[in-house]
2 protein chains.
Amino acid sequence: MRTVEEIITNFQQRGHKITPQRRAIFQIICESNTHPSAEDVYQQVSANMPDISLTTIYNTMRELKELGMIDAVNAVGDGSLRYDKRTDHHDHLYCLHCNQIIDIETPSGSLEIPKEKSMGYKIVKQQVTYYGYCPACQKNMRDKTGREETQASVFNE
Amino acid sequence: MRTVEEIITNFQQRGHKITPQRRAIFQIICESNTHPSAEDVYQQVSANMPDISLTTIYNTMRELKELGMIDAVNAVGDGSLRYDKRTDHHDHLYCLHCNQIIDIETPSGSLEIPKEKSMGYKIVKQQVTYYGYCPACQKNMRDKTGREETQASVFNE
DNA sequence: CTCTTTGCAAACTGTTTGCAATGCC
DNA sequence: GGCATTGCAAACAGTTTGCAAAGAG
């Protein structure tokens with residue numbers, strides 16, 4: 001699921017129509033390195049296509065998810081749904097300050113399913129999330145040391 | 001953070017008042033082995049205290065979280081906030097069918113922070129979540145094989 | 001030409017907030 | 001008695017749904 005054209009072809013072959021809106025959304029998905037929310041995608045697509053509606057973003061993302069062409073994760077900070085263009089196994093780095101999520105390759109040891117600590121669960125996938133602060137937010141926190149609102153927002157989960 | 005009395009003492013020493021409502025909420029938290037949502041806690045507390053309000057549940061849970069006495073995680077299935085009476089390092093088993101979350105002990109190898117794949121992030125904690133189907137839901141799925149709605153709900157993330 | 005998609009508005013869910021009445025210490 | 005807490009109602013954020021108009025194939 002790399003290029004826009006591949007997404008378009010795949011989407012079309014599964015019986016869906018290609019519209020300018022969907023083309024623009026696919027483009028943004030391909031370009032994104034973070035895990036955008038619907039609102040994020042909307043902001044970016046709007047730049048070139050001001051009349052697109054947020055509903056169309058939601059609808060399209062949901063269809064992509066249902067086709068298994070993207071994944072979705074929940075942000076812990078704001079509870080919003082984030083979309084992930086990758087559906088293969090990989091881990092996440094989550095910034096507790098700006099809520100940005102980026103991918104990291106799974107360290108080699110990460111795939112082992114826990115033996116019979118699995119409590120009878122049938123496990124189908126695992127996800128490791130590392131929580132911390134991204135470089136930009138670390139810098140910001142250093143620069144603003146002592147300013148109360150910043151402190152509060154940083155240390156509030 | 002084991003017994004109700006410990007929670008009460010801790011909460012009180014930090015300058016908060018103890019009310020019957022809070023006592024009842026703490027009780028439920030102590031007893032829970034899953035990770036209840038505010039609504040779950042409300043249902044359980046209501047059984048013995050019918051006049052308690054959902055607002056009080058939310059307020060109390062938020063305070064506990066701010067005091068670091070409980071943790072919170074987001075459910076991927078319904079997007080709701082789930083509360084975790086444990087704040088130490090451990091992993092989660094998540095049922096994709098009923099959205100129940102239970103704890104598992106962290107397998108020994110799990111604590112290593114990824115070397116310099118960490119992209120400049122300052123990592124403060126990690127969380128491993130194993131997604132799958134709990135014993136009860138597996139049984140349910142077997143019993144109802146062939147029934148469409150069940151199939152749909154099972155396989156829709 | 002038909003059936004899908006769009007985009008508005010309204011509904012909905014989970015959560016938070018404002019505020020008067022109540023209750024803890 | 002003073003200040004924190006409760007619980008109602010209303011506000012909110014993120015997401016979904018109903019539906020008429022527009023558009024893809």
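Keep in mind that this is a model prediction, so the values were computed, not measured. Every chain is numbered from 1 and lettered A, B, ... according to where its sequence line falls, protein lines coming before strand lines.
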K.L.:
In the 5'-to-3' direction, what one-character label does each nucleotide of nucleotides 8-16 of chain C receive under the scheme B = base within less than 4.0 Å of a protein heavy atom, S = sugar-phosphate only, - = no such atom?
P.N.:
BB----SBB
K.L.:
Can you measure B:Arg23 atom CZ to C:dG23 atom P for me and round it to whole angstrom units?
P.N.:
16 Å
K.L.:
Would you mind reporting whether A:Phe26 and A:Met69 have side-chain heavy atoms less than 4.5 Å apart?
P.N.:
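With C-beta onward as the side chain, the pair stays apart.
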K.L.:
Please examine the side chains of B:Asn74 and A:Val73, heavy atoms only from C-beta on, and report whether any two atoms are closer than 4.5 Å.
P.N.:
no
K.L.:
Please examine the side chains of A:Ile28 and A:Pro36, heavy atoms only from C-beta on, and report whether any two atoms are closer than 4.5 Å.
P.N.:
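Result no, sub-4.5 Å side-chain heavy-atom pair not found.
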K.L.:
Can you name the side-chain hydrogen bond (donor to acceptor under 3.5 Å, both in side chains) partners of A:Lys17, sequence neighbours left out?
P.N.:
none
K.L.:
In whole Å, what is the span from the CG atom of B:Asn59 to the C1' atom of D:dG7?
P.N.:
9 Å
K.L.:
Any chance you could lay out the side chain to side chain contact (heavy atoms under 4.5 Å, CB included) test for A:Ile18 and A:Phe11, step after step, and finish with the verdict?
P.N.:
CA-CA 8 Å; A:Ile18 301 303; A:Phe11 200 74; 4.0 Å; yes
K.L.:
What residues form a side-chain contact (heavy atoms from CB on, under 4.5 Å) with B:Asp84, not counting sequence neighbours?
P.N.:
B:His35, B:Asp71, B:Arg86, B:His90, B:His92, B:Asp103
K.L.:
Rounded to whole angstrom units, what separation is found between the CD1 atom of A:Ile8 and the P atom of C:dT5?
P.N.:
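To the nearest whole Å, that distance equals 14 Å.
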K.L.:
Using whole Å, report how far CD1 of A:Ile57 lies from P of D:dT15.
P.N.:
12 Å
K.L.:
How many Å lie between CG on A:Asp40 and P on D:dA13, as a whole number?
P.N.:
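A:Asp40 atom CG is separated from D:dA13 atom P by 16 Å.
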K.L.:
With a cut-off of 3.5 Å and sequence neighbours excluded, list every side-chain donor-acceptor pair involving residues 55-64 of chain A.
P.N.:
{"residue": "A:Thr56", "atom": "OG1", "partner": "A:Ser53", "partner atom": "OG", "Å": "3.2"}
{"residue": "A:Thr60", "atom": "OG1", "partner": "A:Thr56", "partner atom": "O", "Å": "2.8"}
{"residue": "A:Glu63", "atom": "OE1", "partner": "A:Arg22", "partner atom": "NH2", "Å": "2.8"}

K.L.:
Would you indicate whether the side-chain heavy atoms of B:Tyr83 and B:Ile29 approach each other to under 4.5 Å?
P.N.:
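No, every pair of side-chain atoms sits at 4.5 Å or beyond.
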K.L.:
Is A:Arg22 close enough to D:dA24 that one of its side-chain N or O atoms is under 4.0 Å from OP1 or OP2 there?
P.N.:
no
K.L.:
Per the end-axis method with five pairs at each terminus, what is the bend angle of the helix from C:dC1-D:dG25 to C:dC25-D:dG1, to 10°?
P.N.:
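Inter-axis angle at the ends, rounded: 30°.
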K.L.:
Hey, what do you get for CG (B:Asn140) to CG (B:Asp143), rounding to the nearest 0.5 Å?
P.N.:
6.5 Å
K.L.:
A:Tyr42 has an atom OH; how far is it from atom P of C:dT6, in whole Å?
P.N.:
14 Å
K.L.:
Identify, residue by residue, the members of residues 11-21 of chain B with a heavy atom below 4.0 Å from DNA chain C, and return them in order of residue number, or none.
P.N.:
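Hits under 4.0 Å, by residue number: B:Gln12, B:Lys17, B:Ile18, B:Pro20.
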